[in-house]
Protein chains: 4
Amino acid sequence: MRILDAALMLIADHGVGGTSLQMIADAVGVTKAAVYHQFKTKEEIVIALTERELGRLDDALEAAEAEKSRTKAREVLLTRVIDMAIERRRAAATLQSDPVIVRLLAEHEPFQAYLTRLYGVLLGDASDENRVSAAMLSGAIGTAVVHPLVADVDDDELRTQLLILTRRLLALPE
Amino acid sequence: MRILDAALMLIADHGVGGTSLQMIADAVGVTKAAVYHQFKTKEEIVIALTERELGRLDDALEAAEAEKSRTKAREVLLTRVIDMAIERRRAAATLQSDPVIVRLLAEHEPFQAYLTRLYGVLLGDASDENRVSAAMLSGAIGTAVVHPLVADVDDDELRTQLLILTRRLLALPE
Amino acid sequence: MRILDAALMLIADHGVGGTSLQMIADAVGVTKAAVYHQFKTKEEIVIALTERELGRLDDALEAAEAEKSRTKAREVLLTRVIDMAIERRRAAATLQSDPVIVRLLAEHEPFQAYLTRLYGVLLGDASDENRVSAAMLSGAIGTAVVHPLVADVDDDELRTQLLILTRRLLALPE
Amino acid sequence: MRILDAALMLIADHGVGGTSLQMIADAVGVTKAAVYHQFKTKEEIVIALTERELGRLDDALEAAEAEKSRTKAREVLLTRVIDMAIERRRAAATLQSDPVIVRLLAEHEPFQAYLTRLYGVLLGDASDENRVSAAMLSGAIGTAVVHPLVADVDDDELRTQLLILTRRLLALPE
DNA sequence: GATGAATGAGTGTTCATTCAT
DNA sequence: TATGAATGAACACTCATTCAT
């Protein structure tokens with residue numbers, strides 16, 4: 001959907017609060033009213049957007065949940081998360097840290113459920129160490145891919161390093 | 001300054017774009033015009049705010065730069081960063097990821113210089129591995145302290161774990 | 001357009017700087033936002049307004065430019081200018097002397113071109129005498145029609161006198 | 001008074017409505033409050049300003065009123081008006097046409113009286129022709145000196161031409 | 001004399017949203 | 001499906017003005 005594409009890019013650049021429906025409509029090349037024809041409110045756009053991005057993990061999440069070994073499950077999921085973050089470098093950080101989206105993730109029921117599943121796989125057991133390392137990972141990957149320090153690291157190298165460092169952080173065998 | 005305190009909390013909750021001057025003025029208990037008497041624009045508030053928070057690292061940064069050993073320097077700085085992030089759990093993430101502040105950090109000259117110093121200590125050498133691990137750390141700490149997964153981990157335990165995991169990520173001796 | 005009508009009257013009374021969009025919207029009986037739907041900025045209103053008033057000279061200007069005799073051309077144009085000034089006594093002066101409009105006339109390209117045509121006809125040749133008399137005329141007519149001294153001179157008499165005096169000023173045969 | 005000087009120049013450029021006390025204070029290099037120490041309101045500044053400029057005609061007005069011959073009286077006054085307009089080219093037009101000042105001249109008692117004296121001399125008798133020609137003159141001189149058409153006519157030549165044209169308009173012997 | 005801090009009302013402009021067509 | 005016109009509320013910011021110091 002072109003509206004969601006445009007909205008995602010704009011939100012990545014200006015945040016949800018800094019992105020107006022006018023900007024989205026202009027980017028798509030239609031009128032505001034046309035946007036409203038497809039989404040009843042601005043929030044609905046943000047939800048659809050987040051749903052779509054989160055949905056990209058569906059396959060990996062299901063595969064991970066099907067794994068018997070927790071360690072293997074984590075690996076499957078993390079690899080996919082890293083791939084996704086690299087594919088969509090610009091959007092990755094914002095979606096995880098924009099206050100509006102954060103609030104949405106915390107309050108919108110379906111997201112809650114999805115995140116619970118996600119954390120379930122990510123966590124292994126719920127020891128403090130695991131909880132903290134999972135929390136670190138959550139932000140680290142999204143933030144890392146857009147960080148100025150890695151602006152000129154190419155995608156493949158970045159992917160390799162992220163995998164290594166992630167395993168190290170989780171004390172997985174390298 | 002009470003204005004900056006109020007602004008920081010509001011921005012942590014709603015992002016820069018979601019925080020209006022009216023909200024700030026109301027939180028302080030004065031009129032919008034009174035806020036404008038002290039800051040000529042909204043951006044000026046955000047700059048002052050960011051400057052103040054960043055300034056809390058001054059001591060540690062100077063101490064780190066005075067260290068001969070790069071490894072020791074990194075430790076000094078990281079310890080302080082972790083302490084700060086825990087002290088100001090709510091604000092930590094937003095300040096690092098709000099698009100408005102990110103843009104500010106990238107475009108406002110004095111911030112550029114400060115960040116260069118910061119990364120200089122954090123990086124050690126500029127190998128790809130180091131660059132990626134430093135980038136991960138930048139976001140990881142800020143994000144971790146506000147992550148729902150660690151909401152009920154107490155400050156001391158969180159601090160201990162963050163130190164351990166950070167050393168692990170950077171392959172420092174534990 | 002009702003917005004332009006209202007704006008013209010208000011600007012005639014209070015000047016551009018003293019006329020707010022709220023005043024214009026109130027006069028038309030719509031909201032400010034409705035005004036903004038048709039004009040993107042206040043300046044755009046002022047431009048449209050000035051364009052429209054200036055446009056009333058189009059016919060006379062074209063007719064004048066088609067004349068072979070310079071003297072005849074001036075007469076055609078001046079007669080129309082006087083008629084217009086009398087028709088729209090209130091607005092005439094402000095449009096020629098409000099600093100905002102003056103700046104607009106000087107900086108907005110299309111106005112520049114139009115005024116050059118206008119002065120081309122008005123000037124005849126570019127002797128100093130002609131330049132000064134044309135400059136005097138420009139303001140004199142607009143100012144005269146709203147001057148308190150002539151407040152109780154009726155339109156027809158005023159028109160007759162303006163024609164006589166204008167010819168005298170330009171040393172045209174009466 | 002430096003405040004009045006600054007205010008006059010600013011008003012000439014932006015009109016009364018477009019000139020704020022902040023602008024005036026900035027131009028003088030003091031605070032708004034300091035301006036308020038000398039003038040209780042903005043209107044008071046405009047009044048003082050207009051009074052001061054109008055006052056420059058005092059000598060000529062008195063001399064003119066002392067003349068027995070009406071014709072001579074007009075000449076004395078007009079010569080002075082022309083001199084003043086040329087001396088203060090920029091301010092001349094605004095003071096005569098800014099709607100705020102126009103309203104002030106019409107409503108502020110002392111100005112009414114002064115203008116009545118001025119018109120008394122200017123008019124000669126109150127025939128329609130005289131009234132219209134005096135009205136034209138009022139605006140013509142002020143407007144002419146700032147008109148783009150005469151921007152590169154030097155002061156002396158402009159003065160000469162204005163005198164000639166003025167006499168012609170009033171049917172005085174050249 | 002001059003300042004800094006404050007205010008309430010206003011500025012131009014944009015917001016998300018609605019609705020008749 | 002899409003539009004254009006409209007709205008009320010909010011936005012960042014400036015206004016003229018006051019007052020304690």
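All chains are named by letter (A, B, ...) in the order of the sequence lines, taking the proteins before the strands, and each is independently numbered beginning at 1. Because the structure is a prediction, the values reported are computed rather than measured.
- Whole-Å rounding puts the C:Asp26 CG to E:dT11 C1' distance at 14 Å.
- Using a 4.0 Å cutoff on non-hydrogen atoms, no part of residues 3-22 of chain B comes near DNA chain E.
- Counting heavy atoms from C-beta on, the side chains of B:Leu105 and B:Leu54 come closer than 4.5 Å.
- For A:Lys32, taking side-chain heavy atoms from C-beta onward, the closest of the listed nucleotides E:dA16, F:dC13, F:dA16 is E:dA16.
- One finds no salt bridge joining D:Arg56 and D:Glu87 here, because no Lys/Arg side-chain nitrogen approaches an Asp/Glu carboxylate oxygen to under 4.0 Å.
- Nearest-nucleotide positions on DNA chain E for B:Ala33 and A:Thr41 put B:Ala33 closer to the 5' end.
- Closest approach of A:Arg90 to A:Ala12, counting heavy atoms only: O-CB, 3.7 Å.
- Between B:Ser138 and A:His147, the shortest heavy-atom contact is OG-NE2, 3.2 Å.
- The only option from A:Ile45, A:Ile101, A:Leu10 that meets the side-chain contact (heavy atoms from CB on, under 4.5 Å) definition with A:Val16 turns out to be A:Ile101.
- The nearest whole Å value for the distance from the OH atom in B:Tyr36 to the P atom in E:dT11 is 17 Å.
- Closest approach of C:Thr94 to C:Gly15, counting heavy atoms only: CG2-CA, 4.5 Å.
- A sub-4.0 Å separation between OP1 or OP2 of E:dA6 and a side-chain N or O of B:Gln38 is present.
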Pair assignment for DNA chain E - dot-bracket with | for other-strand partners, Watson-Crick or G-U under 3.5 Å: .||||||||||||||||||||
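- Residue B:His37 places at least one side-chain N or O under 4.0 Å from the OP1 or OP2 atom of E:dA5.
- Residue D:Thr31 is the one, among D:Thr31 and A:Glu43, whose nearest nucleotide of DNA chain E lies closer to the 5' end (criterion: closest heavy atom).
- The separation between B:Phe39 atom CZ and E:dA5 atom P is 11 Å, rounded to whole Å.
- Heavy atoms only, all atoms of each residue included: B:Lys42 and B:Leu21 are closest at CB-CD1, 4.2 Å.
- Between D:Glu44 and D:Gln38, the shortest heavy-atom contact is OE1-O, 4.3 Å.
- Across the protein-nucleic acid pair, D:Lys40 atom NZ and F:dT18 atom P stand 10 Å apart, rounded to whole Å.
- Here the closest non-hydrogen pair linking D:Leu4 and D:Phe39 is CD2-CZ, 3.8 Å.
- Summarising the geometry, the separation between CZ on D:Arg2 and P on E:dG1 is reported as 14 Å, rounded to the nearest angstrom.
- For F:dT17, the base has no donor-acceptor partner in the side chain of D:Lys42 [N/O atoms by modelled type, under 3.5 angstrom].
- Put simply, CD1 on D:Ile24 is 11 Å from P on F:dC15, counting in whole angstrom units.
- We find that CD1 of D:Ile47 is positioned 15 Å from P of F:dA16, with the value rounded to whole Å.
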